Amino acid sequence: MNREQTGYLHSVETFGTVDGPGMRYVLFLSGCTLGCVFCHNRDTWEFGDKTISVTEVLADYEKYRSFYDASGGGLTISGGEPLLQPDFVGALFQACREQGIHTTLDTAGFCAPNALEKVLPYTDLVMFSVKAANRATHLRLTGQERRDIIENLRLVALTTPLIIRHVIIPGITDTEQELAELAELICSLPIQPRVELLPYHQAGRQKWQQLSLVYPLDGVASATADDIEKAAKLLSARGVVGT
């Protein structure tokens with residue numbers, strides 16, 4: 001394990017509350033090749049030139065560790081797509097394991113299987129973002145096939161505690177067909193993971209505009225609490241629990 005291993009860094013949030021259990025130190029890495037049209041972190045897609053080492057992360061974490069320990073929290077790596085930098089994530093999570101720090105990986109699973117193999121042995125929890133279970137919808141939202149992503153999801157489900165996250169986009173990912181296929185996928189996994197339904201919002205549109213890019217879902221309404229409740233009921237009716 002190389003504590004001088006470095007990763008491409010976008011930003012750090014020292015008191016995250018929605019990125020795993022308890023209060024968390026959240027490391028947002030740069031670089032993503034999935035290309036979601038509803039991405040609210042469009043500025044994380046390119047790697048850039050800002051880096052951080054395992055040693056530097058751990059030193060910064062220690063400044064706030066008493067808060068994380070008291071809340072049952074830990075360290076989360078998000079992005080971008082963290083699994084584009086598996087050597088760094090694996091080295092950092094291994095160091096965390098040695099120091100008794102709870103680790104969470106926030107991923108969309110768009111990576112080679114050997115990337116997961118470098119990271120999962122030191123991962124306490126995976127939050128896996130399923131963009132769409134339907135092939136055509138997945139292509140529309142990401143421009144990528146979902147086959148390898150689903151295989152990676154199955155690999156995670158075999159080895160590591162798992163939460164599936166799914167963004168409810170009105171008129172796109174909340175139809176009966178979409179949710180039926182999502183339920184079928186979830187129920188086919190070797191374990192029944194917890195499912196978090198997240199409301200789509202346009203908060204990321206400004207980042208696209210700042211990069212002089214057209215926001216692809218301009219005009220699509222944000223999801224409401226009723227949209228989330230309806231989707232949860234449809235999934236529950238098809239055997240998905242814990243939404």
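Note that the structure is predicted; figures quoted are calculated from it, not measured.
The backbone N or O of Val26 lies less than 3.5 Å from no partner atom in the side chain of Thr76, so there is not a single donor-acceptor pair. Here the side chain of Thr142 pairs a donor or acceptor atom with the backbone of Gln144 at under 3.5 angstrom. The main-chain N or O of Thr103 is found under 3.5 Å from a side-chain atom of Asp124 such that the two form a donor-acceptor pair. The backbone N or O of Phe38 lies less than 3.5 Å from no partner atom in the side chain of Arg205, so there is not a single donor-acceptor pair. In terms of modelled atom types and a separation under 3.5 Å, the side chain of Tyr200 and the main chain of Thr173 share no donor-acceptor contact. At distances below 3.5 Å, at least one donor-acceptor pair connects side-chain atoms of Asp174 with backbone N or O atoms of Gly171. Using modelled atom types, no side-chain atom of Glu178 and backbone atom of Thr175 make a donor-acceptor pair closer than 3.5 Å. A distance-only check finds no donor-acceptor pair linking the side chain of Thr6 to the backbone of Ile52 [under 3.5 Å]. Between the Trp208 side chain and the Val37 main chain, no donor and acceptor come within less than 3.5 Å of each other. In this structure a side-chain-to-backbone donor-acceptor pair under 3.5 Å is missing from Asn134 to Glu181.
Across every non-hydrogen atom of Arg146 and Ala132, the tightest pair is CD-O, 4.1 Å. The minimum heavy-atom distance linking Val220 with Gln202 is given by the pair O-NE2, 2.6 Å. A pairwise comparison of heavy atoms in Gly80 and Pro82 identifies O-CD, 3.7 Å as the closest pair.
Side-chain polar atoms of Thr107 and Glu81 form a donor-acceptor pair below 3.5 angstrom. For Arg154 and Ser188, the side-chain atoms include at least one donor-acceptor pair closer than 3.5 Å. Between the side chains of Ser66 and Asp69, no donor-acceptor pair of N or O atoms lies under 3.5 Å.
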query: Hey, mind stepping through Asp148 and Phe110 against side chain to side chain contact (heavy atoms under 4.5 Å, CB included) and telling me if it holds?
result: CA-CA 7 Å; Asp148 291 343; Phe110 189 57; 5.9 Å; no

- prompt: Does the side chain to side chain contact (heavy atoms under 4.5 Å, CB included) test come out yes or no for Lys131 and Cys36, once each step is laid out?
  reply: CA-CA 8 Å; Lys131 309 304 180 181; Cys36 299; 3.5 Å; yes

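Contact check on Lys233 versus Glu229 returns a salt bridge, with a Lys/Arg side-chain nitrogen under 4.0 Å from an Asp/Glu carboxylate oxygen. Checked for salt-bridge contact, Asp60 and Lys63 meet the test: a charged N lies under 4.0 Å from a carboxylate O.
A centroid separation of 6.0 Å or more is found between the aromatic rings of Phe15 and Tyr25. No close placement of the Phe93 and Tyr122 rings is indicated, their centers lying 6.0 Å or farther apart.
Shown here is Glu184, whose CD atom has no more than 12 heavy atoms of other residues, nucleotides or ligands within 6.0 Å. Other residues, nucleotides and ligands contribute at most 12 non-hydrogen atoms within 6.0 Å of the CD atom of Gln206. Under a cut-off of 6.0 angstrom, the local environment of NZ in Lys207 is crowded, with over 12 non-hydrogen atoms contributed by other residues, nucleotides or ligands. By the 6.0 Å contact criterion, CZ on Phe28 is enclosed, its count of non-hydrogen atoms from other residues, nucleotides or ligands being greater than 12. Atom CZ of Phe67 is surrounded by 12 or fewer heavy atoms from other residues, nucleotides or ligands within 6.0 Å.
Note that CG of Leu116 and CG of Leu153 are 10.0 Å apart. Values are rounded to the nearest 0.5 Å.
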Result block: side-chain N/O donor-acceptor pairs under 3.5 angstrom for residues 156-167, not counting sequence neighbours:
from	atom 1	to	atom 2	distance (Å)
Thr159	OG1	Leu155	O	3.4
Thr159	OG1	Val156	O	3.4
Arg165	NE	Glu196	OE1	2.9
Arg165	NH2	Val18	O	2.5
Arg165	NH2	Glu196	OE1	3.4
His166	ND1	Val130	O	2.8

